[in-house]
Amino acid sequence: MKQAKWFLLLHIILGIYAGSSVCSKLAAQQPFLSAAFIVLYGLMLLALVVYAVGWQQVIKHLPLTTAYANKAVTVVWGILMGLAVFGEAVTPRQVIGAVIIICGIVLFVRADNEGEGGQ
C-alpha cells in the first residue's frame with residue numbers, strides 16, 4: 001500500500017514534468033520578455049524544480065529501475081496535454097505508441113516486483 005502511494009506520486013511528478021513543456025511552448029508564443037513570457041517561463045522553471053525535488057523523494061522509496069521505466073509515461077502525458085491545451089490531433093500511431101508504452105511499463109513493474117519476491 002505504501003509503495004502504491006509513491007507510485008501515484010511518481011506519476012503526478014511526471015505529469016508536472018510534462019507540464020513544464022506546456023509552459024515552455026506557451027512562453028515561446030509570447031513576445032520575448034513580456035509579462036506573459038516571464039510568468040510562463042517562471043512556471044516552467046517552478047515545475048522543473050518541483051519535479052527534481054519530487055523525483056529525489058520518489059527514488060528513495062521505489063526501486064530505481066521502476067522509477068526510470070515509468071519516465072516513459074511522459075510521452076503519454078505529452079499527448080494528452082497537447083490535446084487538452086493546444087487542441088493538437090491525436091493520431092492512431094500516437095494511441096498505439098501510448099498503449100505500447102503503458103503495457104511496457106506494466107510488464108516491467110510486474111517483473112521487477114516478482115524479481116524482488118513480490119514486494
Side-chain angles (χ1 to χ4, degrees):
M1 184 64 151
K2 189 175 183 181
Q3 190 173 17
K5 174 184 109 173
W6 287 106
F7 193 74
L8 176 62
L9 182 61
L10 170 64
H11 281 267
I12 290 169
I13 289 166
L14 292 172
I16 291 169
Y17 177 71
S20 71
S21 297
V22 171
C23 290
S24 176
K25 185 171 180 173
L26 289 170
Q29 296 172 349
Q30 305 301 318
F32 184 64
L33 294 180
S34 67
F37 175 87
I38 292 169
V39 168
L40 289 165
Y41 195 77
L43 287 173
M44 180 199 70
L45 292 173
L46 177 63
L48 290 173
V49 168
V50 169
Y51 162 74
V53 171
W55 175 256
Q56 295 301 314
Q57 296 306 308
V58 165
I59 63 174
K60 288 180 185 178
H61 300 283
L62 290 177
L64 187 58
T65 53
T66 299
Y68 267 108
N70 279 272
K71 283 186 88 168
V73 84
T74 58
V75 173
V76 177
W77 278 109
I79 292 169
L80 294 174
M81 289 182 182
L83 173 67
V85 177
F86 301 107
E88 295 175 352
V90 177
T91 66
R93 290 174 102 179
Q94 288 173 320
V95 172
I96 291 168
V99 169
I100 290 170
I101 288 170
I102 292 169
C103 288
I105 291 170
V106 169
L107 290 173
F108 187 86
V109 170
R110 289 181 73 195
D112 200 32
N113 284 340
E114 289 174 8
E116 293 180 358
Q119 293 178 3

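The basis for the numbers below is simple: all heavy atoms, side chains too, and nothing from hydrogens, waters or symmetry mates.
The distance from the CG atom of Leu45 to the OG atom of Ser24 is 9.5 Å, given to the nearest 0.5 Å. Between the CH2 atom in Trp6 and the NE2 atom in His11 there is a gap of 14.5 Å [rounded to 0.5 Å]. The line from CD1 of Ile13 to CG of Asn70 is 11.5 Å long, rounded to the nearest 0.5 Å. Atom CD of Gln57 sits about 11.5 Å away from atom CG of Leu62, to the nearest 0.5 Å.
Smallest separation of non-hydrogen atoms from Ala47 and Ile16: O-CG2, 3.5 Å. Heavy-atom minimum distance, Ile105 versus Ala69: CG1-O, 3.5 Å. Nearest heavy atom pair, residue Thr66 against residue Phe7, reads CG2-CE1, 4.3 Å. Of all heavy-atom pairs spanning Ala67 and Leu10, the tightest one is CA-CD2, 4.0 Å.
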Side-chain donor-acceptor distances from residues 77-94 under 3.5 Å, at least two apart:
{"from": "Glu88", "atom 1": "OE2", "to": "Lys25", "atom 2": "NZ", "distance (Å)": "2.7"}
{"from": "Thr91", "atom 1": "OG1", "to": "Gln94", "atom 2": "N", "distance (Å)": "3.2"}
{"from": "Gln94", "atom 1": "OE1", "to": "Thr91", "atom 2": "N", "distance (Å)": "2.9"}

Only pairs under 3.5 Å count here: list side-chain donor-acceptor contacts from residues 30-43, not counting sequence neighbours, and write none if there are none.
{"from": "Ser34", "atom 1": "OG", "to": "Pro31", "atom 2": "O", "distance (Å)": "2.8"}
{"from": "Ser34", "atom 1": "OG", "to": "Phe37", "atom 2": "N", "distance (Å)": "3.2"}

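Hydrophobic clustering (ILVMFWY, side-chain heavy atoms < 4.5 Å, transitive): Val95 and Val76 are in one cluster. In terms of hydrophobic clustering, with Ile, Leu, Val, Met, Phe, Trp and Tyr side chains grouped at heavy-atom distances under 4.5 Å, Ile101 and Ile12 are assigned to different clusters. Linking ILVMFWY residues whenever their side-chain heavy atoms come closer than 4.5 Å, directly or via other members, leaves Val73 and Ile96 in distinct clusters. Criterion: ILVMFWY side-chain heavy atoms under 4.5 Å apart, direct or through other members. Under it, Leu64 and Tyr51 are part of a common hydrophobic cluster.
In this structure, Lys71 is positioned above the aromatic face of Trp55, its NZ or CZ under 6.0 Å from the six-membered ring centre and within 45° of the axis.
Looking at Val53, Val58, Ile59 one by one, the single match for side chain to side chain contact (heavy atoms under 4.5 Å, CB included) with Gln56 turns out to be Ile59.
A search for side chain to side chain contact (heavy atoms under 4.5 Å, CB included) contacts involving Thr74 returns Leu14, Tyr17, not counting sequence neighbours.
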